[in-house]
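Take a look at the structure below.
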Number of protein chains: 2
Amino acid sequence: MKADGSHRPPGGERRGGVSPITVKRLSLYLRQLEELAEDGRSTVSSRQLGKALGLTDAQVRKDLAYFGQFGRPGVGYRVAELAHHLRSIFGTDTTSNVAVVGVGSLGSALLRYRGWMTKGFRVVAAFDSAPSKIGRKFGNITVQPMSKLAGVVRAGQIRLAILAVPAAVAQKVAEEICQARIEGILNFAPITLSLPPEVAVIPVDLAVQLEQLSYLANPSNSKRKRNSGSRRRRQS
Amino acid sequence: MKADGSHRPPGGERRGGVSPITVKRLSLYLRQLEELAEDGRSTVSSRQLGKALGLTDAQVRKDLAYFGQFGRPGVGYRVAELAHHLRSIFGTDTTSNVAVVGVGSLGSALLRYRGWMTKGFRVVAAFDSAPSKIGRKFGNITVQPMSKLAGVVRAGQIRLAILAVPAAVAQKVAEEICQARIEGILNFAPITLSLPPEVAVIPVDLAVQLEQLSYLANPSNSKRKRNSGSRRRRQS
DNA sequence: AACTGTGAAGCCATTCACAGCT
DNA sequence: AGCTGTGAATGGCTTCACAGTT
């Protein structure tokens with residue numbers, strides 16, 4: 001275990017160079033660590049963490065080592081400490097406010113979805129352009145017109161937007177969102193957005209996901225022939 | 001352009017060896033082709049297709065060449081023909097029936113979501129174990145008890161399941177779904193399922209996606225410094 | 001003994017560059 | 001000229017294997 005840390009900036013965290021695929025795994029590590037914490041576990045080894053997620057121990061160690069030395073040889077990683085550090089990497093150690101834009105069937109469900117909360121997010125506002133939707137209430141959130149978005153964001157209350165409008169208007173609405181100086185968009189509309197580089201976008205096309213599944217579910221396409229005994233397998 | 005096709009099985013499609021990441025892009029090609037078809041375009045080049053999705057032309061050609069020779073030098077790809085071929089690769093040239101398992105806030109929204117239809121899927125049934133939910137109607141779909149799942153699947157009406165139950169029961173419910181001999185599960189529960197290899201699983205953890213976005217939206221983490229002029233950029 | 005952190009090797013994916021077709 | 005299909009080159013990610021720590 002090298003002590004000088006020469007491949008990283010000496011006093012701080014590595015910045016700007018981690019691949020998206022690594023970051024995705026970090027999310028899974030955090031999710032697993034939270035489960036371990038609930039079960040009262042206080043340490044975990046890279047092998048155990050990997051096994052639970054279908055990854056090799058070396059992969060786990062490499063991923064975590066990008067951000068510093070958290071593990072203790074002979075012991076493993078301390079669950080609470082590592083979880084805390086991962087949250088700070090994601091920026092979810094402090095709660096972020098989120099807006100839902102587009103309150104159709106999907107948007108209104110995402111508005112009610114409780115899964116965000118456990119991860120350090122809070123949906124605090126909803127916007128739509130249809131007059132029929134404006135003023136409607138979901139729980140304690142009232143749907144506001146798009147024209148109010150910029151004001152709410154500028155008041156510092158919202159960092160991220162969940163975009164759930166029809167494909168035909170998604171590009172236009174996304175541009176409005178950008179003008180409100182939001183930092184990132186979770187895009188549920190089935191189109192590729194074209195936006196200025198200072199705004200982050202993560203696409204989530206549910207129909208595409210189901211299409212992927214349909215492909216995999218065709219036995220002649222998958223590599224699932226390997227291991228075709230009866231051993232269990234973990235999802236990608 | 002080689003004519004003998006020596007690297008593929010002579011008379012048929014390549015089977016079993018395409019990486020998931022390639023398959024994901026194929027979905028995007030299909031989505032784009034459908035938009036082009038609506039606009040009345042009859043051919044498209046690899047460069048145009050790539051530009052719309054933020055990919056290189058070489059990438060597009062390599063991906064498509066895995067499955068055969070569809071392009072015409074000097075012309076490009078024929079939109080309708082290529083779209084049809086991609087659908088047959090995904091198994092969505094014929095409509096697949098899908099069940100929603102778990103009718104909470106997210107499940108009921110996925111039940112009502114219209115986006116599946118355009119892609120060759122039809123949600124035809126919903127299941128839940130809570131007596132209070134059973135018998136409830138969403139559109140023309142009545143929520144049935146889990147015990148009915150196996151029968152409906154075995155009657156050949158359902159290939160795929162959308163799993164939208166709480167994390168705490170997801171593994172158990174997923175096992176029930178497997179026993180019903182379903183081919184694939186789209187897993188919205190925030191856990192990694194451990195299942196026999198003959199069933200395909202695609203995980204869709206919405207909280208993880210938002211976490212990814214939170215990471216990317218932190219300016220010091222992204223590579224978005226490149227191109228930091230004002231040119232537009234396409235989402236990953 | 002158990003486990004991490006990490007060079008080095010191996011493997012996979014992307015891009016390059018160009019022959020060949022239309 | 002415009003474009004595809006594809007070997008070859010490059011670049012990136014994963015796994016191996018082991019020195020070093022507890």
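Reckoned from all heavy atoms, side chains included, excluding hydrogens, waters and symmetry mates. To find a chain, count down the sequence lines: A is the first, B the second, and so on, and within it residues start at 1.
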With respect to the side chain of [X], which nucleotide from [options] is positioned closest?
X     : options               : answer
A:R61 : C:dT14, D:dC18, D:dG5 : D:dC18
B:Q69 : C:dT15, C:dG20, D:dG5 : D:dG5
A:P73 : C:dT15, C:dC3, D:dT4  : C:dC3

Within this structure, what is the [atom1]-to-[atom2] distance between [X] and [N], rounded to whole angstrom?
X     : N      : atom1 : atom2 : result
A:R25 : D:dC13 : CZ    : P     : 9 Å
B:L49 : D:dC3  : CG    : C1'   : 14 Å
B:L82 : D:dC3  : CG    : C1'   : 15 Å
A:I21 : D:dG12 : CD1   : P     : 14 Å
A:D57 : C:dA2  : CG    : C1'   : 12 Å
B:K51 : D:dC3  : NZ    : P     : 13 Å
B:K62 : C:dT15 : NZ    : C1'   : 8 Å
A:R72 : D:dG20 : CZ    : P     : 21 Å

If you find the nucleotide of DNA chain D closest to B:G76 and the one closest to A:Q59, which residue's nucleotide is nearer the 5' end?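 Looking at DNA chain D, the more 5' nearest nucleotide goes with B:G76.
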Assuming nearest nucleotide by heavy-atom distance, tell me which of A:A58 and B:L64 is located more 5' along DNA chain D.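 On the 5' side of the pair lies B:L64.
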Any side-chain N or O of [X] below 4.0 angstrom from OP1/OP2 of [N]?
X     : N      : value
B:S19 : C:dA13 : yes
B:T56 : C:dT14 : no
A:S45 : C:dA2  : no
B:Y66 : C:dA13 : no

Among B:R159, B:K119, B:R122, find the residue that satisfies the side-chain hydrogen bond (donor to acceptor under 3.5 Å, both in side chains) test when tested with B:S96.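 For B:S96, the side-chain hydrogen bond (donor to acceptor under 3.5 Å, both in side chains) check succeeds only for B:R159.
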Does B:T22 reach a base, just sugar-phosphate, or nothing at all? Heavy atoms under 4.0 Å.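 Since no nucleic acid heavy atom lies under 4.0 Å of B:T22, the category is nothing.
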Which word best sums up how the rings of A:F67 and B:Y215 line up, parallel for under 30°, tilted for 30 to 60°, or perpendicular for over 60°? perpendicular
Are the side chains of A:F121 and A:L160 in contact, using a 4.5 Å heavy-atom criterion? yes
Do A:L163 and A:L193 have side-chain heavy atoms sitting under 4.5 Å apart?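 Yes - at least one pair of side-chain heavy atoms lies under 4.5 Å apart.
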Quick one: pull up CD1 in B:I185 and CG in A:L216 and give me the separation to the nearest 0.5 Å. 12.5 Å
